[in-house]
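Notes to accompany the following structure.
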Amino acid sequence: MTIAELRQKFIEGTYTPIDALKRVRLVIDEKDSDIHAYLRTYDDAEAEAIYATKRYEAEGSAAPPLLGMPFAIKDNILIKGKPATAGSKMLENYVATYDATVIERLKEAGAIFVGATNMDEFAMGSSTESSAFGPTKNPLDSTRVPGGSSGGSAAALAMGACVAALGTDTGGSVRQPASFCGVVGFKPTYGAVSRNGLIAMGSSLDQAGIFAHTVADTETIFNVIKGQDPFDATTVREDTYPEVPRKEMYRIGVPRDFLREGMDEDVCKVFDANIEKIIAAGHEVVDISLPMMERGLAAYYIVMPAEVSSNLARYDGVRYGLHIDGQNILEDYLKTRAEGFGTEVKRRILLGTYVLSAGYYDAYYGKAEQVRQMMRDELAGVFQNVDLIMTPTSPVPAFTLGEKSDPLSMYLADIYTVPVNLAGVPAISIPGGTVDRDGATLPVGVQFIAPHAGDARLFDFGTKVYDA
Ligand code: GLN
């Protein structure tokens, strides 16, 4: 059920938060020992559900918007008093001392936290295979990955083990798993949602993102978690960007040239069918050209590791989590970091340290930032003529576990999602159809991109064309 449907029933009293939590727990008991969407579940959810049920009896439709809704939370978002591992051995025994701002706001709106979901280590990956605690499987075909890095949240929602979920998106980690698992995944405008209490990966790219069954549910959650926050100076004021109006008829741009590269034929067919559907719904679809988009991956895999190497310097064996004793302080660092981090994390710290080395700044990081600015300018130009941009979310449907063991082939799968984070604009992945693979029916997502602060435009278009 969607949040909208559940809320109606909760208000009427025909179904209660206690029932919803029971149902979610049943699914977890039945399926999650195999799927492994959750790293842990929380017993205090039960008391919350009882309390929420009583509040609906007393308050009815005046109850807060997410009261009694069972949420799954990616394990890099802090909940006070609960562990937050970011999928790493480094933080295996770390317990959060405060609530992330998004958690505080969800709590005020009455949400219930079912548990913490599995993820690629420190959100680095596109498959959830780099988790230190073992991979998550795709609930629609357990030989395949759920996508990543927020694969646990996407899988939990797709199998009915929550009603909505939070993830984080640095280069596609909400949109791509949403595409692989057949749910809606949304990355807000950079700065629309506070990053306070999110375990940082690439600070200029990271945003908390939302998983839900419908675009309307996504909007409900966004309206709860968004907004300026004194604890995150990068959150934007309502009037930071020019207003992006809603429209009756939207003009959608498709960057045809960019789409040819590496796109699976069946994904292509699903994409074309969606263009037809959009035209049939009365909107206009036009070709656009985005030559800088192709540079996105190259720029991302310089900017992101640079920020990763800096952000992860704090895991020194002294201040947080794991500590391994050496003969002296330097050996403490070396042993702790060698033991605590996995291969993908180490690869990115090495890359980032290299591109930031004295003498290389101009050749790598400086250049990547220039490319980034050019991508922003190019997008701003295109948005003079179109309201939204449409691409597939991923060039391929869910791949099999172990299939992309070569890191470069994994990075290539991010081609359509990373430009969005580099530019800081909002984007949503909506289920657009399915493809058949080796006897399995796999979902395929379509991505819509809006200009800065165009989050509401994505919801407006999405509810009109896809929720109906
Ligand atoms: N798959 C991308 C990466 O590995 C994006 C990750 C993310 O968005 N956290 O960096």
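- In this structure, the side chains of Val145 and Pro135 stay at 4.5 Å or more apart for every pair of heavy atoms.
- Counting non-hydrogen atoms of neighbouring residues, nucleotides and ligands closer than 6.0 angstrom, the CZ atom of Arg376 exceeds 12 such neighbours.
- Between Tyr300 and Tyr411, the gap from one ring centroid to the other reaches at least 6.0 Å.
- Residue Gln373 places its CD atom among more than 12 non-hydrogen atoms of other residues, nucleotides or ligands, all under 6.0 Å distant.
- Side chain of Arg105 to main chain of Gly227: a donor-acceptor pair is present (N/O by atom type, distance under 3.5 Å, no hydrogens or angles).
- Salt bridge annotation for Glu344-Arg348: present, with a cationic side-chain nitrogen under 4.0 angstrom from a carboxylate oxygen.
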Pair Ser204-Glu307, side chain to side chain donor-acceptor pair (under 3.5 Å): steps then yes or no: CA-CA 8 Å; Ser204 78; Glu307 295 186 10; 2.6 Å; yes

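- Around NZ of Lys367, the count of heavy atoms belonging to other residues, nucleotides or ligands within 6.0 Å does not exceed 12.
- Residues Pro177 and Pro146 fail the side-chain proximity criterion, which asks for heavy atoms closer than 4.5 Å.
- With sequence neighbours excluded, the residues satisfying ring-ring contact (aromatic ring centres under 6.0 Å, His included) with Phe399 are Phe180.
- Inter-residue side-chain proximity for Leu351 and Tyr301 is flagged as unmet; no heavy-atom pair is nearer than 4.5 Å.
- When side chains are defined from C-beta on, Lys74 counts as touching Ser149, because their heavy atoms get closer than 4.5 Å.
- The shortest non-hydrogen separation linking Arg175 to Thr393 is O-CG2, 3.3 Å.
- Note: Tyr466 and Phe448 have tilted aromatic rings, judged against thresholds of 30 and 60 degrees for the angle between ring planes.
- In this structure, the ring of Tyr360 has its center no less than 6.0 angstrom from the ring center of Tyr365.
- Defined by atom type and a distance below 3.5 Å, a donor-acceptor pair is present between the side-chain atoms of Asp455 and Thr189.
- Counting only heavy atoms from C-beta outward, the side chains of Phe122 and Asn76 never approach each other to under 4.5 Å.
- With respect to Asp141 and Arg437, no salt bridge is recorded, no charged nitrogen being found less than 4.0 Å from a carboxylate O.
- In this structure, Tyr15 and Met1 have side chains that are in contact, with non-hydrogen atoms separated by less than 4.5 Å.
- Every side chain to side chain donor-acceptor pair (under 3.5 Å) that Tyr190 has, sequence neighbours left out, goes to Arg195.
- The side chain to side chain contact (heavy atoms under 4.5 Å, CB included) check on Val355 picks up Ile302, Ala306, Tyr364, with sequence neighbours excluded.
- Using a 4.5 Å heavy-atom threshold, the side chains of Met410 and Ser127 count as touching.
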